[in-house]
Amino acid sequence: MRADVPPATGALAAFLIGRLVVRRLDGVLLSGRIVETEAYLPDDPASHSFRGRTQRNRTMFGNYLHAYVYFIYGSAYCLNVSSEADGIGAAVLIRALEPVEGIALIRERRGAGVADRDLMRGPGRVCSALDIDRRLDGADLETDPRLWLAEDGTIPPAVGMSARIGLSRAADVHQRFYARGSRYLSGRRSLSPR
DNA sequence: CAGAGGATCGGCT
DNA sequence: GCCGATCCTCTGG
């Protein structure tokens, strides 16, 4: 691979927009359409993998299409998809989903008073809605019966790009991808121009 | 072992 | 829009 070839991580982050995350929970299927992702590239100062492999981030360094789940701010889990070959630390953060299947159970899990628009609008809310935590870290998203990625044949939406959200480093790197026009985006409006 | 910081959320102004 | 909660993880001594 040469330097002018787009990194697989960025390509995956864009490709995943419009695809589904599916969770099986006690035999019930919960799913959502991916409307927002962020790429955390190899050698990215904002990435958990930047300072090398640790106990927490080791699935980022494993093969691609495995779940990397971490806990943040004492309150939220975030779901990522590992995105490069074995030995390279990189991942795609799933930032927001549009509810598709199992909405009744998702509403129940998120609690009364939460607007449908907010059920999975934000990475912590995605994991809260789908009961994703460190138990799922390392899950193979091609074979695990609890969590996987799917396509449903719908036409992929137009994809926009912007800076990533909530970073103190590499804040100018435009590796956030979103479905244009979706009402389920987590970012501020200035980051999602219509 | 102590300290600091963080890919967030929800509540309040 | 701003702010605090909350606790895991990593780093340095």
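Note on naming: letters A, B, ... go to the chains in the order of the sequence lines (proteins, then strands), and numbering restarts at 1 for each one. Only this structure's heavy atoms are used, side chains among them; waters, hydrogens and symmetry mates stay out.
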Row check, A:Y40 ring normal vs A:R164 NZ/CZ: under 6.0 Å, within 45°: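 Satisfied, under 6.0 Å and within 45°.
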Verify stack between A:Y73 ring and B:dG6 base, 5.5 Å, 30 degrees: no
Candidates [options] - which lies nearest the side chain of [X]:
X: A:A76; options: C:dC10, B:dC9, B:dA7; value: B:dC9
X: A:R56; options: C:dT11, C:dC10, B:dG6; value: C:dC10
X: A:R95; options: C:dT11, C:dT9, B:dT8; value: B:dT8
X: A:F71; options: B:dT8, C:dC8, C:dT9; value: C:dC8

Grab the [atom1]-[atom2] distance between [X] and [N] for me, whole Å please.
X: A:I165; N: C:dG1; atom1: CD1; atom2: P; value: 13 Å
X: A:H48; N: C:dT11; atom1: NE2; atom2: C1'; value: 15 Å
X: A:Y77; N: C:dT9; atom1: OH; atom2: P; value: 8 Å
X: A:Y70; N: C:dC7; atom1: OH; atom2: P; value: 18 Å
X: A:I72; N: C:dG4; atom1: CD1; atom2: C1'; value: 15 Å
X: A:D133; N: C:dC8; atom1: CG; atom2: C1'; value: 14 Å
X: A:N80; N: B:dG6; atom1: CG; atom2: P; value: 17 Å
X: A:R51; N: C:dC10; atom1: CZ; atom2: P; value: 12 Å

In the strands shown, is C:dA5 matched to any nucleotide by a Watson-Crick or G-U wobble pair with both distances under 3.5 Å, and which? B:dT8
Need to verify one output field. Residue with the more 5' nearest nucleotide on DNA chain B, A:V114 or A:V92? A:V92
Check the phosphate of B:dG10 against A:R110, side-chain N and O only, distance under 4.0 Å to OP1 or OP2. Yes or no? yes
OP1 or OP2 of B:dG10 sitting under 4.0 Å from any side-chain N/O of A:R125? yes
Is A:S168 touching bases, backbone alone, or none of the nucleic acid, heavy atoms closer than 4.0 Å? sugar-phosphate
Mind checking if A:R169 touches a base, just sugar-phosphate, or nothing, with heavy atoms under 4.0 Å? nothing
Might you confirm whether atom CG of A:D43 has over 12 heavy atoms from other residues, nucleotides or ligands at distances under 6.0 Å? no
Could you please spell out the steps behind the side-chain hydrogen bond (donor to acceptor under 3.5 Å, both in side chains) verdict for A:S49 and A:N57? CA-CA 7 Å; A:S49 62; A:N57 71 15; over 6 Å; no
Reported CG-to-CZ distance for the pair A:D131 and A:R24, which is rounded to 0.5 angstrom: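 The CG atom of A:D131 sits 14.5 Å away from the CZ atom of A:R24.
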Considering heavy-atom distances to DNA chain C, does A:Q55 or A:G74 have its closest nucleotide positioned more toward the 5' end? A:G74
Is a side-chain N or O of A:E36 found less than 3.5 angstrom from the main chain of A:S186, in a donor-acceptor match? yes
